[in-house]
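Report on one structure; see the data block that follows.
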Amino acid sequence: MSSSACLAVVLAAGEGTRMRSALPKVMHPVAGLPMLDHVLSTARAAGADRLSVVIGAGADLVRAHLARTAPDAEIHVQAERLGTAHAVLAARDALLKPADHVLVLYGDTPLVRPETVRALRERLDDGADLVVLGFEAADPTGYGRLVTEGERLVRIVEEKDADAPTRAIRLANSGIMGIRGRHLPDLLEAIGNANAKGEYYLTDAVEVAVGRGLATAVVTGPEADFVGINDRAQLAAVEALFQARARAAALAGGATLVAPETVFFSHDTRLGRDVTVEPNVVFGPGVAVRDGAQIRAFSHLEGATVEAGAIIGPYARLRPGAAIGPEAHIGNFVEVKNAVVGPGAKINHLSYVGDASVGAKSNIGAGTITCNYDGVFKHTTTIGSGVFVGSHTTLVAPVTLGDGAFTAAGSVITDDVPADAMAFGRARQAVKDGAGKAKRDALLARKAGR
Ligand code: UD1
Ligand code: MG
């Protein structure tokens, strides 16, 4: 990888009006992560050691988000939206500190791969002064066209400013540009706004650079990596492209996906080898599944770890903090939240286990509920190892069941149960001989008398 100092400037001051949303465009998630974060992580992975984000006036949500997720990023405000070159100039303070490479990325283009940006940086290392990432567009409508002479990029012409022969060019501008840092201030200074939109176009930096005798170049990549998001349809298209990539990566990594097109991944899903994922499974953020585990059909996992050989589902829900031990089984219509389930433990049917720990090899009967919430506070249920919780047990937390304890089916357990003890928390059954028949006869007599 290039060892040159690198500043990435991410333009995120888009109004996003075509999203028709209360949420700023760059905050819309792709695979569970705001598109802006995808771009920032690509910039980091491509070796950027400083990040600058240009946001619009009043984009407090973006600012607060960055403070949490990228506290090292410098934030600049572009008060008026006067074009992409004007947006880069909003990061003037960051440009004053010297960087060998300055990358400009767009916050609404989240599928760009780090390796493509690295290839761009290699061209800068090899002597180019300005490099643009481009792609052969199936339909280039709306994109800037890259006008080349042999290897050399001569200029970029925006759709609105292009004549018919230029519009016929299919080599499109992705918007991503790398510039040798020392040339940038001078290039930006020289850009005017004499164009159809009256904006300061960053793309004009190419023509200025050529006029100064600087070396320009194009690095190309596949179109799918450069799809920009301006509306919800494009957001859905980018999500689909991301999912296709994630499925391919899971298969390449040694997981079996029975019906890949029905499995939905998060940006950070990790699957071990020989994991099997059945149809219609959804992974929310923060899930890791270790080797040989099975995720059966129609399960939903989020913020959970599943250890080797465990079986989840069908129809299971793992919520944040679920840590399922090796060889454990979580069955149908079981919800687990913030709970550690020990090795070989089984929660097979119709249960809610929240704010709890379940020891190794314990068996939780059908319909068991941990009553973890009193309306104000959350309380913990601690279940030892080798415990047998009878069907339809209600565990009123805080409560502890010692190792090897039993609870009788249908019990409401409000007090701790010592190790190896058996707890009954239900009314004793009464049986009255003949009372059933007597009741029925009385009812039938009443019906006949009507
Ligand atoms: C831009 C390129 C075009 C390229 C296309 C790729 C220019 C002039 N044109 O066109 O060649 O093919 O992207 O998708 O650069 N932004 C600001 N402040 C501004 C203007 C824009 O921050 O004043 C940000 C936007 O939020 C967006 C990015 O810059 O993230 C691109 O702006 P946009 O208006 O979408 O440019 P395009 O017309 O798509
Ligand atoms: Mg755009």
Side-chain angles (χ1 to χ4, degrees), residues 8-19 21 23-28 30 34-40 42-43 52-59 62 75-92 103-112 130 132-137 139-147 153 155-162 166-167 169-177 179 187-188 191-208 218 220-221 223-231 233-235 237-238:
V9 180
V10 178
L11 305 190
E15 312 148 337
T17 43
R18 281 161 63 196
M19 297 294 280
S21 175
L23 195 65
K25 177 167 78 170
V26 294
M27 291 297 293
H28 280 263
V30 171
M35 57 178 102
L36 177 59
D37 296 33
H38 285 270
V39 176
L40 292 175
T42 297
S52 273
V53 183
V54 178
I55 64 172
V62 183
I75 298 175
H76 311 273
V77 175
Q78 184 193 21
E80 267 183 295
R81 207 170 174 280
L82 298 180
T84 43
H86 181 260
V88 176
L89 271 174
R92 197 176 277 108
L103 301 173
V104 178
L105 299 124
Y106 292 169
D108 65 354
T109 311
L111 295 179
V112 182
L130 187 157
V132 169
L133 285 184
F135 59 97
E136 284 290 336
D139 172 10
T141 308
Y143 290 112
R145 307 300 205 282
L146 302 185
V147 181
L153 177 62
R155 63 182 168 275
I156 304 179
V157 184
E158 289 305 302
E159 168 97 13
K160 286 207 168 114
D161 302 305
T166 309
R167 284 188 188 201
I169 296 173
R170 284 178 44 216
L171 187 60
N173 175 26
S174 73
I176 296 152
M177 191 182 279
I179 308 110
L187 295 178
L188 289 174
I191 292 173
N193 66 347
N195 52 54
K197 283 173 96 178
E199 287 190 358
Y200 296 88
Y201 289 163
L202 178 64
T203 46
D204 285 349
V206 175
E207 209 171 353
V208 178
V218 181
T220 56
E223 177 168 12
D225 293 9
F226 300 120
V227 181
I229 299 173
N230 291 319
D231 56 34
Q234 286 166 332
L235 177 64
V238 164

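Predicted, not measured: the structure shown is a model, and the values here were computed from it. We count ligands from 1, going down the list as the structure has it; atoms in each ligand are counted the same way.
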Just go through Thr109, Ile156, Asp108 and tell me whose heavy atom is the nearest to atom 27 (C) of ligand 1.
-> Asp108
Identify the closest protein heavy atom to atom 32 (O) of ligand 1: which residue and atom is it, and at what distance?
-> Thr84 CG2, 3.9 Å
Using distance alone, decide if ligand 1 has a nitrogen or oxygen within less than 3.5 Å of any nitrogen or oxygen in Ala13.
-> yes
Got a donor-acceptor contact below 3.5 angstrom from the Arg145 side chain to the Glu159 backbone?
-> no
Residue, atom and distance of the protein heavy atom nearest atom 26 (O) of ligand 1 read Gly14 N, 2.8 Å
For Glu80 and His86, work out which heavy atoms get closest and say how close.
-> O-CE1, 3.2 Å
Heavy-atom nearest neighbour in the protein, as seen from atom 4 (C) of ligand 1, with distance rounded to 0.1 Å | Asn173 O, 3.3 Å
Within 4.0 Å of atom 12 (O) of ligand 1 (strictly less), any protein heavy atom?
-> yes
Looking only at N/O atoms, are Gly142 and ligand 1 under 3.5 Å apart anywhere?
-> no
Atom 39 (O) of ligand 1: nearest protein contact (heavy atom, Å) | Asn230 ND2, 4.7 Å
Candidates Val9, Leu202, Leu11; heavy atom nearest atom 30 (O) of ligand 1 found on Leu11
Just need the protein heavy atom nearest to atom 8 (C) of ligand 1, so name the residue and atom and give the distance.
-> Tyr201 CD2, 3.3 Å
Answer yes or no: is there a donor N or O on one side and an acceptor on the other, between the side chain of Arg155 and the main chain of Val206, under 3.5 Å?
-> no
Can you check whether a protein heavy atom sits less than 4.0 angstrom from atom 36 (O) of ligand 1?
-> no
Student check: side-chain heavy atoms of Val10 and Leu36 closer than 4.5 Å = yes
Around atom 10 (O) of ligand 1, find the nearest protein heavy atom and jot down its residue, atom name and distance.
-> Glu158 OE1, 4.0 Å
Looking only at non-hydrogen atoms, the one of Glu199, Lys197, Arg81 nearest atom 33 (P) of ligand 1 is Arg81
Which of the atoms of ligand 1 are close to Gly107, meaning less than 4.0 Å from one of its heavy atoms?
-> 30 (O)
Which atom of Pro110 lies closest to which atom of Val30, heavy atoms considered | CG-CG2, 4.2 Å
Any heavy atom of Ala172 under 4.0 Å from ligand 1? The part involved is neither
Ser21: which of Lys25, Arg18, Met19 passes side-chain contact (heavy atoms from CB on, under 4.5 Å) = Met19
Can you list the ligand 1 atoms lying under 4.0 Å from a non-hydrogen atom of Ala87?
-> 17 (C), 18 (N), 22 (O)
Are Tyr143 and Phe226 near enough that their ring centres are under 6.0 Å apart?
-> no
Within the 4.0 Å heavy-atom cut-off, what Val26 brings close to ligand 1 is neither
Distance to 0.1 Å, residue and atom name: give those for the protein heavy atom nearest to atom 14 (O) of ligand 1.
-> Tyr143 CE2, 3.8 Å
Heteroatom proximity flag, Tyr106 to ligand 1, N/O under 3.5 Å | yes
Which bit of Gln78 gets closer than 4.0 Å to ligand 1, counting heavy atoms only: side chain, backbone, both or neither?
-> side chain
Taking only non-hydrogen atoms of Gly144 and a 4.0 Å limit, the atoms of ligand 1 in range are 3 (C), 4 (C), 11 (O), 12 (O)
Mind checking whether Leu82 has a heavy atom under 4.0 Å from ligand 1?
-> yes
